[in-house]
Every structure is written in C-alpha cells, then in structure tokens.
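Every chain is numbered from 1 and lettered A, B, ... according to where its sequence line falls, protein lines coming before strand lines.
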Number of protein chains: 2
Amino acid sequence: MSRRRVTLADLAQAAGVSRTTASLVMTGRARELRISHDVEQRVLRAADELGYRPNAVSVGLRTGTSRTIGFVSDTVATSRLAGDMIKGALEAARERGVMLFIGETEGDPELERGLLHAMHDRQVDGLILAAMYTRTIKVPKDVGGPAVLLNALPKTPSDLPSIVPDEVEAGRAAARVLLDAGHRDGIYTIGAGPALRNVPPQSVAAVERLVGIREVLGEAGVKIAGGRMCVDWLPELGFAATADLLKKHRPKALICLNDRVALGAYQALGDVGLDVPGDVSVVSFDDHPIASWIRPKLTTVALPYYELGRKAVEVLFAQMGEEAKPGEVHRVAMPVMHRDSVATRS
Amino acid sequence: MSRRRVTLADLAQAAGVSRTTASLVMTGRARELRISHDVEQRVLRAADELGYRPNAVSVGLRTGTSRTIGFVSDTVATSRLAGDMIKGALEAARERGVMLFIGETEGDPELERGLLHAMHDRQVDGLILAAMYTRTIKVPKDVGGPAVLLNALPKTPSDLPSIVPDEVEAGRAAARVLLDAGHRDGIYTIGAGPALRNVPPQSVAAVERLVGIREVLGEAGVKIAGGRMCVDWLPELGFAATADLLKKHRPKALICLNDRVALGAYQALGDVGLDVPGDVSVVSFDDHPIASWIRPKLTTVALPYYELGRKAVEVLFAQMGEEAKPGEVHRVAMPVMHRDSVATRS
DNA sequence: TCCCTTTGCTAAATCGGATTAGCGATGCGA
DNA sequence: TCGCATCGCTAATCCGATTTAGCAAAGGGA
C-alpha cells in the first residue's frame with residue numbers, strides 16, 4: 001500500500017537497461033532475442049531484489065489475455081452440495097496460474113447477461129457455465145470465447161463441451177451392489193420409478209439413474225418389485241413415499257434415488273421397526289455428508305463434484321488450445337462408497 | 001468472439017467526435033466539461049447502437065482500480081456449511097458492480113502468499129480474508145490495501161476490521177430458549193462444558209457459546225447439571241459423549257454445541273428409548289441443513305453465514321471509503337430457529 | 001473596433017507492459 | 001580497406017481507456 005509497485009521501468013533503470021530488454025528477460029525471450037547472459041543475470045538479480053512482479057492488468061491490456069476464467073452458475077457457489085465443484089475448479093485453475101471469477105445468476109437471464117458482460121469486460125480467457133443440479137440449460141448466445149458446461153447439458157444443440165456425472169453408470173453400479181449382495185427380489189425404488197416415466201420433472205439424474213438400474217437388473221433377470229416417486233428429493237418426501245410403500249409391501253431392499261430421500265426412508269423404516277440392513281438393505285446416490293452421519297452409514301454412489309470441477313477447467317483449457325471436439329460430452333465416473341447399509345443375502 | 005469488441009475509438013468515430021468527448025460523455029462528465037446536449041445525445045445513441053462497453057482492463061490500467069475484490073479463505077469456498085458466506089458476499093458485491101475473485105489457501109502460508117500476489121497483480125480493490133470456522137488467524141503482512149477479516153479475528157493486534165457471528169449472544173439465546181420453556185434443572189451440555197475450560201482446542205465458538213449459556217443460566221439461578229466435551233464436533237463424537245452421559249444421568253434438556261453433535265445426541269437418546277422432546281429437550285447451534293431434516297426438527301441458533309458475507313463486503317467498502325474505525329469488530333446476530341425439539345415444562 | 005471571457009471541444013500524455021523494427025558496433029572474408 | 005553479416009540492445013508503437021492542458025470560435029463590454 002504505502003510504496004508504489006515496482007514497474008518494468010523501475011526494473012530497467014535499476015539494471016541499467018532499456019524497458020525492452022527488461023521485458024525480454026522477464027518473459028524468457030532473452031535467448032531468442034540474443035540478450036547476453038551477463039545482462040540477463042543483471043536484470044534477473046535486480047528483479048529479485050526489487051521484488052518485481054509484472055502488473056497483470058497491463059499485460060492483459062497489451063496481450064488481450066487475463067489468465068482468469070469465469071465461473072458462472074445458477075446458484076452452485078452457495079449450494080452446500082456443490083461447493084466441491086468450485087474447489088476442484090479452483091485447484092485445477094491454480095495449477096495453471098489462473099484465477100477464478102465467481103458469479104451467480106439465480107436463474108435470472110437478466111443477471112446472467114450482466115454477469116457475462118462484466119466478465120467479458122474484464123477479458124476472461126474462458127467461461128465455465130455451471131448448474132447446481134444436473135440439468136439441461138439454455139446456453140446464452142453471447143458466450144464470446146471458449147466456454148464449457150459444468151454439470152449441465154445444452155438444451156439446444158451447441159458446440160460447447162459438457163462435463164456431467166456418469167449417472168447411467170452410477171445406476172448400474174447401484175444395482176450391481178444389490179445383485180452382488182445376493183438380492184434378487186423385493187427390490188423397490190424410492191424417489192423415482194419403478195418405470196422410466198415415474199420421475200420428478202426436469203431431473204436428468206432421475207432418468208439416467210433409473211436407466212442404469214433397470215438395465216443391470218433386467219440383464220440379471222431381476223424385476224423391480226415397485227417404487228414410489230417423489231416430486232422433490234427431500235427427506236420429508238422420502239419419508240412419506242417410504243411410509244406409503246410400507247403400508248402394502250415388505251421390501252428387502254431399497255434403491256433411494258438420493259441420500260436425502262434415503263434419510264427419510266431410514267426414518268420410515270425405523271418407525272415400523274424394520275432394521276437396516278438386517279431387514280432391508282439400502283443403496284443411494286450422491287454421497288451427501290449425511291450419508292456417513294446416519295446409522296448405519298449409508299452405501300451410496302458418490303457425485304464426483306470435485307472431479308467435475310477439475311475436469312471443467314481441463315476441458316476449458318483444451319478448448320482454449322483448440323484441441324477439443326465441439327459439443328463433446330465428458331462423463332465423470334461416480335464411485336460407489338461401500339458402507340454399512342447393505343447386507344448380504346444368501 | 002467473431003467480431004472485435006467496440007472500443008472507445010469506434011464509438012468516437014461513429015458519433016463523429018473525439019475519443020476525449022466520447023469518454024467524457026460515457027463517464028457522465030459531459031455536463032461538468034461543458035459538452036453540448038446535442039453532442040452528448042449523439043454519443044449516447046451511438047454507444048447504444050454499437051453496444052459499447054468500456055474495457056475494464058483498460059480502465060483498470062488507467063485508473064488503478066479494478067472494481068474487483070478478492071475473497072481469500074482457508075477452505076471456506078468448498079465448505080458445505082459456509083458457501084452461503086460467499087453467496088452473501090457475491091450479492092453485496094454485485095449490488096455495487098464489483099466482481100469477486102475466489103481463492104483458497106488450504107491453510108498453507110506459501111499458497112496464501114501466492115494468492116495475495118496474484119490478486120494484487122490484478123489490482124483488486126480490496127480483500128476479504130475468510131475462515132471456515134470462526135477462529136483467530138495470522139494476518140499476512142503483505143495485505144496491501146483495504147482488507148477485512150471474515151469469520152475470523154486477528155491473532156495479533158491489527159488494524160483490520162473483523163466480521164464474526166455473535167456467539168456469546170447466541171449462547172444467551174440458547175439458554176433463554178430453555179428457561180422460557182420452563183426448564184430449571186437437568187440441563188446438560190454436549191460438545192463442551194459444563195465448565196469454561198472443557199472446550200475443544202482452537203474453538204472460539206465453544207468458549208463464547210458457553211460464556212453466554214452460563215451467564216444467562218447463572219443469572220436465573222439455574223445450575224448446569226453437567227456436560228461432556230467432544231474434541232471435534234462430529235456426529236459420532238456427539239453420540240459417544242451423549243451415550244456416556246446417559247450411563248449415569250437422566251437429563252431433562254441438552255444444549256448441544258452444534259447440530260452435528262446434536263445429531264449424535266438424537267441417536268444416543270433414541271437408543272435408550274428417550275423421546276425428544278417428550279423426555280428430553282434439545283437446543284443446538286449452527287442451523288446446519290440436517291437440523292430441519294431430522295425428526296423432531298431441531299431448535300437451533302443459526303450461524304448467519306449469508307449475512308456475514310454481506311457484512312464483509314459492506315465493511316470492506318466502508319474501509320475503502322476511509323470511513324471505518326481501525327480494528328473494529330462487527331458481530332452479526334445469530335437468530336434462533338424455533339422448531340420442534342424443545343418441550344414446555346410446567 | 002479591440003480585448004477578454006466563456007463555450008465547446010480536442011490533442012496529447014499517461015497507465016505498465018509486449019512487440020516490431022531497426023540501429024550501432026564488431027567480426028570476417030575478400 | 002571495404003562490404004556485409006551477426007551480435008546485442010533499444011526506440012517507438014500499441015493495447016483502450018482517462019485526464020490535463022489548451023485551442024478556436026462566439027459572445028460581451030468598453
């Protein structure tokens with residue numbers, strides 16, 4: 001604060017060379033432009049002594065690049081679930097010496113336009129357009145420059161690459177967890193299903209998870225015994241759905257479409273005296289923090305938020321380096337977190 | 001992307017005036033510098049037609065200001081709990097036309113230095129230094145320019161203002177909740193206490209909450225019956241602490257030092273067949289999402305993350321406007337979320 | 001009619017670097 | 001000794017705005 005920043009001019013003067021020479025040395029082009037080793041060392045030493053750091057704003061103006069990317073989301077930054085997405089992006093960005101602008105649109109197109117403008121005004125090198133829940137989004141038309149979709153797919157065909165969790169494979173994995181444990185019957189779904197049409201509106205995850213589940217179960221000749229849909233995946237609705245199911249059925253296993261629904265299911269099972277996993281096995285999706293807080297700890301297929309964030313930055317950089325196929329969809333694996341809610345049936 | 005941005009020069013040419021005049025009009029100094037109303041309108045119209053937006057990088061270079069602030073945290077951006085802090089800061093920043101750089105230090109001083117450098121290189125107008133858990137932090141010495149501490153207090157005396165939740169008052173509020181419900185005895189604390197020395201290390205919240213609790217209870221002539229400390233506030237440790245307590249005591253009310261501890265307490269109470277709130281009332285702190293997911297819904301004193309974030313930006317702006325007392329500590333009220341875990345005793 | 005003020009606008013410098021074009025000195029061959 | 005290439009470095013321009021200083025024309029008073 002107190003004393004002025006050291007500029008290239010200061011550095012040049014201290015080293016007794018021209019600004020050009022100083023710049024050449026500092027940008028590593030000394031060899032190329034035939035600066036003597038002697039002078040190079042002199043500049044380097046002066047830079048070190050003065051603590052010279054190039055002003056990024058100036059560099060930005062001259063080169064048109066800012067070593068900055070914008071992270072625009074509907075409300076992901078605040079979502080307790082998806083903060084890891086930011087963290088992943090942040091770390092991948094840092095590794096590349098790039099900073100992150102964060103912005104939230106609250107789903108308001110007007111706000112979104114303003115944000116994109118503000119970011120372009122600051123000459124961001126690229127944009128990450130993220131969604132809190134996996135869904136299709138309308139790609140704003142004024143995305144000038146490289147951009148990727150994170151946890152989202154374009155509503156209408158677009159050249160932008162997407163990074164999404166591999167929900168179908170996650171569905172397969174969840175089904176395999178039950179099959180591997182010997183479950184063949186009494187399997188119910190909570191949150192969506194049993195049919196593909198029984199899904200909450202707008203939910204990509206519901207459809208894809210169900211597809212994977214049905215595929216693997218079907219191949220094994222196992223039929224889903226039934227299910228209950230929830231319009232929103234909240235504990236209370238999961239509770240209600242499960243309680244309703246239990247009025248007529250005695251499930252052996254529950255595939256909950258996410259962990260919050262599973263929490264509700266735990267409560268409903270507890271109310272009628274059913275033990276998890278003794279009486280009923282439960283698998284779920286998301287790996288929300290509560291999954292390892294409730295008892296018994298919940299076996300769940302994790303949403304790889306951190307990896308999604310990293311991947312977004314990686315793909316964005318590939319995009320900026322022109323080495324990307326347009327419209328490519330990158331699916332990130334969802335790992336199974338084996339815990340204590342599934343029992344082996346003989 | 002395709003076509004070049006509209007620059008001031010383009011605008012000037014389109015309006016048939018000099019760049020100076022165009023700049024004057026666009027920065028609202030037309031009146032002041034005696035530009036005719038006619039010319040002003042001409043420039044404004046051209047700007048509108050061309051969609052002119054000043055290049056923030058250029059403005060930044062010229063004026064030395066970037067309309068950008070840096071949000072540096074240990075790991076708050078990823079913390080599921082404190083994402084709201086960012087959201088609050090984000091919105092307050094947006095209202096002021098300012099963008100947010102986000103960075104995480106992971107507690108690594110080397111990373112922190114690098115981040116602060118990167119931010120200063122980009123000429124941030126101010127800095128928010130945030131912590132995930134309320135604690136004292138070592139203020140980096142190269143904080144050039146305005147800065148505030150968020151959810152943190154300076155380890156050594158500092159001129160920087162701090163924004164922290166009002167934990168003492170929160171402790172008082174929690175105690176009052178029980179007193180108002182008629183509780184006079186059988187009150188135990190879980191997570192810390194009963195004495196002020198029984199606190200997990202490093203925790204500002206534990207000490208202050210306990211101070212508030214003891215103060216109000218003491219004034220009412222009510223004695224804390226006992227308590228159990230947890231070295232970390234996790235559900236499992238809360239469970240263990242409560243289970244241990246229940247071996248020897250039959251509490252009427254539990255003050256859990258945070259919601260995760262309370263979750264563990266619920267589980268332990270359930271195991272011995274005690275009903276919440278029928279047998280035991282529970283109050284807690286944080287208003288973590290699970291507080292409204294567990295049954296019965298937990299009465300808890302909320303951490304005002306969103307407000308903290310907003311406040312940080314407000315104080316930072318006051319700081320930049322020089323209208324701030326150095327070293328001031330701003331305490332943000334923690335509201336009580338009345339739910340279903342406290343029963344009235346006659 | 002002359003001089004001074006006011007009006008309305010612009011030329012030029014500036015911010016801090018990157019980059020292009022080129023200049024003087026030296027070395028070498030003929 | 002001359003001409004030319006190479007070496008080592010620098011002057012000047014540019015990026016896109018803001019800002020200072022000042023110019024030309026019109027208006028007003030004596």
Side-chain angles (χ1 to χ4, degrees), chain A residues 3-44 46-47 50-67 117-118 120-125, chain B residues 3-44 46-47 50-68 117 120-125:
Chain A
R3 68 189 181 294
R4 207 173 49 83
R5 258 185 91 100
V6 177
T7 71
L8 187 65
D10 300 331
L11 171 60
Q13 183 166 34
V17 298
S18 69
R19 277 152 59 222
T20 305
T21 304
S23 172
L24 255 21
V25 170
M26 296 316 289
T27 50
R29 300 183 57 198
R31 203 52 1 120
E32 179 189 343
L33 266 291
R34 302 180 312 235
I35 302 297
S36 69
H37 185 258
D38 188 38
V39 168
E40 180 177 12
Q41 286 308 310
R42 194 141 40 90
V43 172
L44 254 19
L50 296 177
Y52 170 74
R53 302 181 51 83
N55 179 324
V57 175
S58 173
V59 175
L61 180 59
R62 180 64 233 248
T63 65
T65 163
S66 59
R67 302 213 64 71
H117 278 154
H120 281 137
D121 292 349
R122 288 169 174 78
Q123 294 191 165
V124 293
D125 298 334
Chain B
R3 68 189 181 293
R4 206 173 49 81
R5 259 184 90 100
V6 177
T7 71
L8 186 65
D10 299 331
L11 171 60
Q13 183 166 34
V17 298
S18 70
R19 277 150 60 224
T20 304
T21 303
S23 172
L24 256 21
V25 170
M26 297 316 289
T27 49
R29 300 183 56 196
R31 200 59 352 126
E32 179 189 345
L33 266 291
R34 302 182 310 237
I35 302 297
S36 68
H37 185 257
D38 188 38
V39 167
E40 181 177 12
Q41 286 307 311
R42 193 140 43 92
V43 172
L44 254 18
L50 297 177
Y52 169 74
R53 301 181 52 83
N55 179 324
V57 175
S58 174
V59 175
L61 179 59
R62 182 61 233 251
T63 65
T65 162
S66 59
R67 302 213 63 73
T68 294
H117 277 155
H120 281 139
D121 292 350
R122 288 170 175 78
Q123 294 191 168
V124 292
D125 298 333

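- Across all strands shown, V17(B) has heavy atoms under 4.0 Å from sugar-phosphate atoms exclusively, and none from any base.
- Place V59(A) and L33(A) on DNA chain C by their nearest nucleotides, and V59(A) ends up nearer the 5' end.
- Taking only side-chain atoms of T7(B), from C-beta outward, the nucleotide of dG8(D), dG16(D), dT7(C) with the closest atom is dG16(D).
- Mapped onto DNA chain D by nearest heavy atom, R34(B) and R53(B) fall at different nucleotides, with R53(B) at the one closer to the 5' end.
- Of the candidates dT10(D), dA17(D), dG16(C), the closest approach to any side-chain atom of N55(A) belongs to dG16(C).
- For the atom pair CG of D121(B) and CZ of R5(A), the computed distance is 4.5 Å after rounding to the nearest 0.5 Å.
- Residue R29(A) places at least one side-chain N or O closer than 4.0 Å to OP1 or OP2 of dT19(C).
- Using a 3.5 Å distance cut-off with no hydrogens or angles, the side chains of T68(B) and R122(A) do pair a donor with an acceptor.
- Going from atom CG of D10(B) over to atom C1' of dC15(D) covers 13 Å, rounded to whole Å.
- Using a 4.0 Å heavy-atom cutoff across all strands shown, S23(A) reaches at least one base atom of the nucleic acid.
- The nearest whole Å value for the distance from the CZ atom in R5(A) to the P atom in dG16(C) is 10 Å.
- The nearest pair of heavy atoms linking A22(A) to V43(A) is CA-CG1, 4.1 Å.
- Contact check for L11(B) versus M26(B): side-chain heavy atoms found under the 4.5 Å cut-off.
- The interatomic distance linking R42(A) (CZ) with dG8(D) (P) rounds to 14 Å, in whole Å.
- Taken to the nearest 0.5 Å, the CD atom of E40(A) stands 8.5 Å off from the CD1 atom of I35(A).
- Taking atom CD of Q41(A) as the reference point, atom C1' of dG8(D) lies 16 Å away to the nearest angstrom.
- Atom CD of Q13(A) is surrounded by 12 or fewer heavy atoms from other residues, nucleotides or ligands within 6.0 Å.
- The side chain of R19(A) lies closest to dA18(C) when the candidates are dT10(D), dA18(C), dG16(D).
- At dC9(D), one or more side-chain N or O atoms of S36(A) fall inside 4.0 Å of OP1 or OP2 (strictly under the cut-off).
- Atom CE of M26(B) is separated from atom P of dA17(D) by 10 Å (rounded to the nearest Å).
- Residue contacts shown for T21(B) include a base, since a base heavy atom lies under 4.0 Å away.
- Within the structure, every side-chain polar atom (N or O) of Y52(A) is placed at least 4.0 Å from both OP1 and OP2 of dG16(C).
- Atom-to-atom, CG of L61(B) to P of dC14(D) comes out at 17 Å; the value is rounded to the nearest Å.
- Nucleic acid contact class of V39(B) (heavy atoms, under 4.0 Å, all strands): sugar-phosphate only.
- Contact annotation: T20(B) side-chain N/O to dT10(C) OP1/OP2 distance is not under 4.0 Å.
- Atoms CG (L50(A)) and P (dG16(C)) sit 15 Å apart, rounded to a whole Å.
- Using a 4.0 Å heavy-atom criterion, one finds that V25(A) contacts no nucleic acid atom at all.
- Of the two residues near DNA chain D, H37(A) and Q123(A), the one whose nearest nucleotide lies more 5' is H37(A).
- Between the CZ atom of R62(A) and the C1' atom of dC15(D) there is a distance of 6 Å, given to the nearest Å.
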